[in-house]
Peer 1: 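Sharing a structure below in structure tokens format, with a few things to ask.
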Amino acid sequence: MPQPPMRAPDPTPPLRLNRLLLTGAGGGIGRQLRPRLRAHCAALRVSDIGPLGEAAPGEELAPCRLEDRAAVEALLQGVDAVVHLGGISVEDRWQPILEANIVGVYHLYEAARRQGVKRIVFASSNHVTGFYGQHETIDALAPPRPDGLYGVSKAFGETLSRLYWDRYGIQTVCLRIGSVTPAPENRRMLATWLSIDDLERLVLASLRTPVAGHSIVFGMSDNSVRWWDNRHAAHIGYRPQDTSEAWRAQVEAAEPPWLDAANPVVACQGGRFVRLGPCDDEPAAPAGG
Ligand code: 15L
């Protein structure tokens with residue numbers, strides 16, 4: 001099916017970092033960002049628990065489990081900045097979320113503190129605020145309303161990174177990433193869609209801004225349907241170039257305009273995530289005698 005043309009990427013000059021660490025480099029978004037980030041550093045250290053493939057010129061392969069404190073410490077040695085995509089990126093059972101997204105993120109920030117790493121771009125998620133309604137517009141100051149354990153774990157990462165900014169001066173830009181797919185797949189994604197080119201722009205802006213402090217940015221393209229207001233992140237200088245509007249006709253033709261306001265899956269910003277998990281349901285223990 002022919003796709004609407006994307007706007008041409010803007011020619012941003014390279015960042016010229018010495019060594020950048022990309023965690024989660026083997027995941028869906030990581031695999032796409034990896035070649036794009038390589039141009040911006042002398043060395044790109046790539047990490048994941050899964051396969052990383054061959055090292056391209058200028059890359060260092062660093063397989064790592066985030067729950068392994070010593071391994072994370074070694075991972076951050078000699079690094080200027082981190083783009084942290086690692087960990088669980090969907091709703092899951094508590095134990096893997098605890099290990100990767102709670103303990104793992106703590107290890108990352110502790111290692112950053114000890115190794116003197118001063119800038120982290122943290123892949124948070126729109127699921128930190130997934131229980132807000134699709135009729136609402138929220139900004140970074142709206143209290144979290146996570147739609148599952150995954151959203152809770154990302155809210156934890158945002159809060160932990162806030163502590164490490166306030167106490168240790170480690171700057172973090174938390175990206176509440178929407179839906180990174182080649183094209184918006186449904187009506188919800190007309191609001192949440194983030195093109196991979198715009199995500200690259202957002203990551204680079206987050207690395208480039210001289211003063212990031214602790215910032216929260218909603219990761220969306222220049223969509224007309226909008227639930228998120230980035231007014232508190234203007235200092236990041238993120239300028240999305242793509243828009244879901246180009247796919248509106250296709251999406252609307254495929255999905256009739258129904259809305260069951262009582263159904264949280266279509267009424268909440270988090271979409272189907274609001275009905276996933278917690279996933280630890282086990283048969284009830286037999287009643288005691
Ligand atoms: C996310 O946080 C997930 O990582 C991704 O798989 C999508 O489900 C996305 O949110 C979304 O909300 O569409």
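Every number for a ligand or one of its atoms is a count from 1 in the order of the listing. Counting from 1, the numbers follow the sequence of the chain as shown. These figures come from a predicted structure and were not determined experimentally.
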Peer 1: In the protein, which heavy atom is nearest to atom 6 (O) of ligand 1, and how far is it?
Peer 2: V90 CG1, 3.8 Å

Peer 1: Which is closest to atom 9 (C) of ligand 1 by heavy-atom distance: G178, G130, S125?
Peer 2: G178

Peer 1: Just checking I49: does its CD1 atom have more than 12 heavy atoms from other residues, nucleotides or ligands closer to it than 6.0 angstrom?
Peer 2: no

Peer 1: Under 30°, 30 to 60°, or over 60°: which ring-plane class applies to Y150 and F273, parallel, tilted or perpendicular?
Peer 2: tilted

Peer 1: Verify the distance criterion only: is there a donor paired with an acceptor across the side chains of T209 and H235 at less than 3.5 Å?
Peer 2: no

Peer 1: So which protein heavy atom does atom 10 (O) of ligand 1 come closest to, and at what separation?
Peer 2: H127 NE2, 3.1 Å

Peer 1: Looking only at protein heavy atoms, identify the closest one to atom 4 (O) of ligand 1 and say how far it is in Å.
Peer 2: S89 O, 2.5 Å

Peer 1: Within ligand 1, which atoms have a heavy atom of F273 less than 4.0 Å away?
Peer 2: 8 (O)

Peer 1: Heavy-atom contact check, 4.0 Å cutoff: does K154 meet ligand 1?
Peer 2: no

Peer 1: If you count the atoms of ligand 1 from 1 in the order shown, which ones are under 4.0 Å from a heavy atom of N126?
Peer 2: 10 (O), 11 (C), 12 (O)

Peer 1: Kindly compute the distance separating CG (L37) from CG (L44), expressed to the nearest 0.5 Å.
Peer 2: 6.0 Å

Peer 1: With W228 as reference, evaluate N223, I138, T137, D139 under the side-chain contact (heavy atoms from CB on, under 4.5 Å) test and give the passing residue.
Peer 2: I138

Peer 1: Applying salt bridge (Lys or Arg N to Asp or Glu O under 4.0 Å), run through E158 and R176 and close with a yes or a no.
Peer 2: CA-CA 10 Å; E158 291 186 357; R176 287 190 181 160; 2.8 Å; yes

Peer 1: Counting non-hydrogen protein atoms only, what is the nearest one to atom 13 (O) of ligand 1? Give residue, atom name and distance.
Peer 2: S179 OG, 2.6 Å

